[in-house]
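In listed order, ligands and their atoms are each counted from 1.
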Amino acid sequence: MSLPKRVVLVGPMGAGKSTIGRLLAKELGYRFLDSDRVIEERCGANIPWIFDVEGEAGFRQRETAMLDEMTAETDVVLATGGGAVMRPENHPLLRENAVVVYLKTSIEQQVERTRKDRNRPLLQNDDPEGVLRKLFAVRDPLYTQLADIVMYTDRKSPRLVVRQLVNRISPKTPRHRRQRRKEGRQHVQGTERTQS
Ligand code: S3P
């Protein structure tokens with residue numbers, strides 16, 4: 001079994017896609033791409049501004065174009081926005097030559113992790129928890145249907161999630177074994193011993 005060309009992370013706001021994605025990319029020796037951040041860079045504006053000026057429909061159009069571009073890249077971990085699964089035309093883009101991971105998280109955790117956030121327009125209202133519940137009802141079946149791996153993230157550190165993911169994605173590939181051995185040597189050389 002060889003490593004997939006891409007690992008695509010899907011899941012709701014507050015699932016930890018960016019934090020886990022960055023760590024996972026490092027572990028696999030892949031590049032990390034975050035769809036929302038690249039949209040912001042390209043647009044020269046943040047997501048609330050895009051929602052304000054172009055509406056959610058404008059943002060979704062940008063998101064599809066970005067996914068189209070990013071899913072042509074190889075050796076990448078790609079973090080998608082929570083609503084990327086809402087457009088059926090995005091589904092083949094997300095799945096092609098990729099392992100799709102659904103980072104599944106309770107509503108309580110989503111509320112906790114997004115509580116102070118001002119960069120998510122859909123949650124800037126009186127009842128963000130109610131919104132998250134409604135979105136979950138619609139999107140959870142889509143995330144599940146698209147996913148090759150469903151990984152729960154509640155009460156787990158990002159590092160633990162990444163370790164579990166690496167074991168699922170590349171249990172015993174030669175490249176991975178080589179990388180782990182190299183990392184082990186580096187740790188020993190740096191006098192920091194790894195726990196197994
Ligand atoms: C959205 C999730 C956000 C961002 C936008 C819309 C959604 O990304 O794309 O605010 O519809 O769930 P994160 O899931 O990375 O927060």
In a simple table, one pair per line, please give the protein and ligand 1 atom names for every N or O pair closer than 3.5 Å, along with the distance.
| residue | atom | partner | partner atom | Å |
| --- | --- | --- | --- | --- |
| ligand 1 | 8 (O) | D36 | OD2 | 2.7 |
| ligand 1 | 9 (O) | D36 | OD1 | 3.0 |
| ligand 1 | 9 (O) | D36 | OD2 | 3.0 |
| ligand 1 | 11 (O) | R60 | NH2 | 2.6 |
| ligand 1 | 11 (O) | R139 | NH1 | 3.3 |
| ligand 1 | 11 (O) | R139 | NH2 | 3.0 |
| ligand 1 | 12 (O) | G83 | N | 3.4 |
| ligand 1 | 12 (O) | R139 | NH1 | 2.6 |
| ligand 1 | 14 (O) | K17 | NZ | 2.5 |
| ligand 1 | 14 (O) | G82 | N | 2.8 |
| ligand 1 | 15 (O) | D36 | OD2 | 3.3 |
| ligand 1 | 16 (O) | R120 | NE | 2.6 |
| ligand 1 | 16 (O) | R120 | NH2 | 3.1 |

Is the side chain of [X] donor-acceptor paired with the backbone N or O of [Y] at a distance under 3.5 Å, no angle test?
| X | Y | value |
| --- | --- | --- |
| K104 | G11 | no |
| N97 | K5 | no |
| R6 | E96 | yes |

Exercise for the section: Using a strict 4.0 Å threshold on nitrogen-to-oxygen distance, state whether R133 and E108 make a salt bridge. Expected result: yes
Handout entry: Salt-bridge criterion met for R168 and D148 (N-O under 4.0 Å)
Key = no
Practice task
May I ask you to check whether over 12 heavy atoms, not counting those of F136, lie within 6.0 Å of atom CZ?
Solution key: yes
